[in-house]
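Along the sequence shown, residues are numbered consecutively beginning with 1.
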Amino acid sequence: MRSLWITPETVYLGAPPGTTPSAVSLAPDGLTAIGPRDDSWPWQHVTTVTVEDVPARTTTGRPFARVLEVVLGPQSPIEMTVRVETADGSRFGIPVHSAAAFAYSVREVELSQRLLEHFVQGKASPAMLTDWLMNSPRSRTPRLAERESLLQHWTENP
């Protein structure tokens with residue numbers, strides 16, 4: 001997955017730490033901000049998690065990120081914002097970098113957001129993603145159709 005960076009230990013929203021000044025990690029017990037704002041929240045205290053400013057292909061097929069590349073330069077990572085709202089009414093915006101070379105499909109973004117909702121609602125756990133990684137022999141990152149299919153499966157069978 002590129003919208004969700006899966007490692008054997010954890011799942012990241014966007015790019016993993018080391019490639020960005022901050023990151024967001026998803027684990028079975030909660031969500032953790034890594035970087036300038038180190039903090040964590042157990043899932044039962046999180047009411048909403050959304051990712052904003054996600055580079056997505058437009059309906060015309062022209063990647064939004066391609067437009068940004070002209071403005072920012074080809075080596076500039078695209079910054080997204082992970083918005084976290086907690087049960088006590090606190091709201092946080094955590095900048096993360098997109099892991100996509102250009103842009104995600106609109107469907108991949110929608111399915112990823114739906115999966116995040118399942119994590120918040122306790123219907124699913126990020127552990128199913130790390131389990132998939134550990135139990136699926138892979139030599140490459142899944143292509144778009146396979147990523148969308150996996151996300152669809154995970155949102156329908158939490």
Side-chain angles (χ1 to χ4, degrees), residues 1-59 63-65 67-68 71-72 76-134 141-142 144 147-158:
M1 297 302 114
R2 290 188 299 181
S3 55
L4 299 164
W5 191 285
I6 306 168
T7 72
E9 297 81 32
T10 194
V11 176
Y12 297 98
L13 290 175
T19 61
T20 181
S22 60
V24 174
S25 163
L26 307 175
D29 58 344
L31 179 143
T32 301
I34 304 163
R37 180 187 167 66
D38 287 336
D39 211 340
S40 33
W41 303 273
W43 287 116
Q44 62 267 26
H45 293 166
V46 175
T47 57
T48 308
V49 177
T50 57
V51 184
E52 298 175 351
D53 308 315
V54 178
R57 290 184 183 98
T58 64
T59 56
F64 172 70
V67 175
L68 290 178
V71 175
L72 300 174
S76 299
I78 296 171
E79 190 171 280
M80 306 183 300
T81 303
V82 177
R83 299 273 178 215
V84 179
E85 294 183 27
T86 62
D88 67 4
S90 299
R91 293 183 172 146
F92 306 95
I94 306 154
V96 298
H97 286 164
S98 167
F102 292 106
Y104 305 107
S105 75
V106 171
R107 179 121 177 92
E108 185 174 10
V109 172
E110 290 169 350
L111 289 167
S112 296
Q113 186 58 49
R114 192 175 314 153
L115 187 58
L116 284 174
E117 291 169 9
H118 286 317
F119 295 158
V120 170
Q121 297 166 356
K123 294 179 182 177
S125 169
M128 68 186 194
L129 282 69
T130 54
D131 289 347
W132 164 81
L133 180 70
M134 297 307 293
T141 299
L144 176 61
R147 290 193 312 269
E148 289 177 351
S149 176
L150 283 164
L151 286 163
Q152 180 77 41
H153 174 75
W154 290 331
T155 58
E156 291 176 351
N157 305 290

I need the minimum non-hydrogen distance between [X] and [Y], along with the two atoms involved.
| X | Y | answer |
| --- | --- | --- |
| V96 | A23 | CG1-CA, 3.8 Å |
| V46 | V49 | CG1-CG2, 3.5 Å |
| L144 | E108 | CD1-OE1, 3.6 Å |
| P21 | H97 | CD-CE1, 3.8 Å |
| M134 | P8 | SD-CB, 3.4 Å |
| W5 | G14 | CB-O, 3.2 Å |

For a 4.5 angstrom cut-off between non-hydrogen side-chain atoms, does [X] reach [Y]?
| X | Y | answer |
| --- | --- | --- |
| T155 | H118 | yes |
| P126 | T10 | no |
| L129 | F119 | yes |
| W43 | V120 | yes |
| V54 | S98 | no |
| Q113 | T50 | yes |

At what distance, to the nearest 0.5 angstrom, does [atom1] of [X] lie from [atom2] of [Y]?
| X | Y | atom1 | atom2 | value |
| --- | --- | --- | --- | --- |
| L133 | E9 | CG | CD | 9.0 Å |
| T81 | L13 | OG1 | CG | 12.0 Å |
| L151 | E156 | CG | CD | 11.0 Å |
| M128 | N157 | CE | CG | 8.5 Å |
| T86 | L31 | OG1 | CG | 11.0 Å |
| R107 | S112 | CZ | OG | 10.5 Å |

Task: Selection residues 86-100 - residue pairs positive for salt bridge (Lys or Arg N to Asp or Glu O under 4.0 Å), sequence neighbours left out - done: E85-R91

- [ ] Mind jotting down which residue pairs meet the salt bridge (Lys or Arg N to Asp or Glu O under 4.0 Å) criterion with at least one end in residues 113-130? Sequence neighbours excluded, please.
- [x] none

TODO: Just say parallel, tilted or perpendicular for the rings of W132 and W154, cut-offs at 30° and 60°.
DONE: perpendicular

Task: Those residues that, when tested against E110, pass salt bridge (Lys or Arg N to Asp or Glu O under 4.0 Å) (two or more places apart) - done: none

Open item on the list: Tell me whether R147 contacts the main-chain N or O of P142 through its side chain, where contact means a donor paired with an acceptor under 3.5 Å.
Closed with: yes

Task: From V24, T7, L26, L4, residue fulfilling side-chain contact (heavy atoms from CB on, under 4.5 Å) relative to Y12 - done: T7

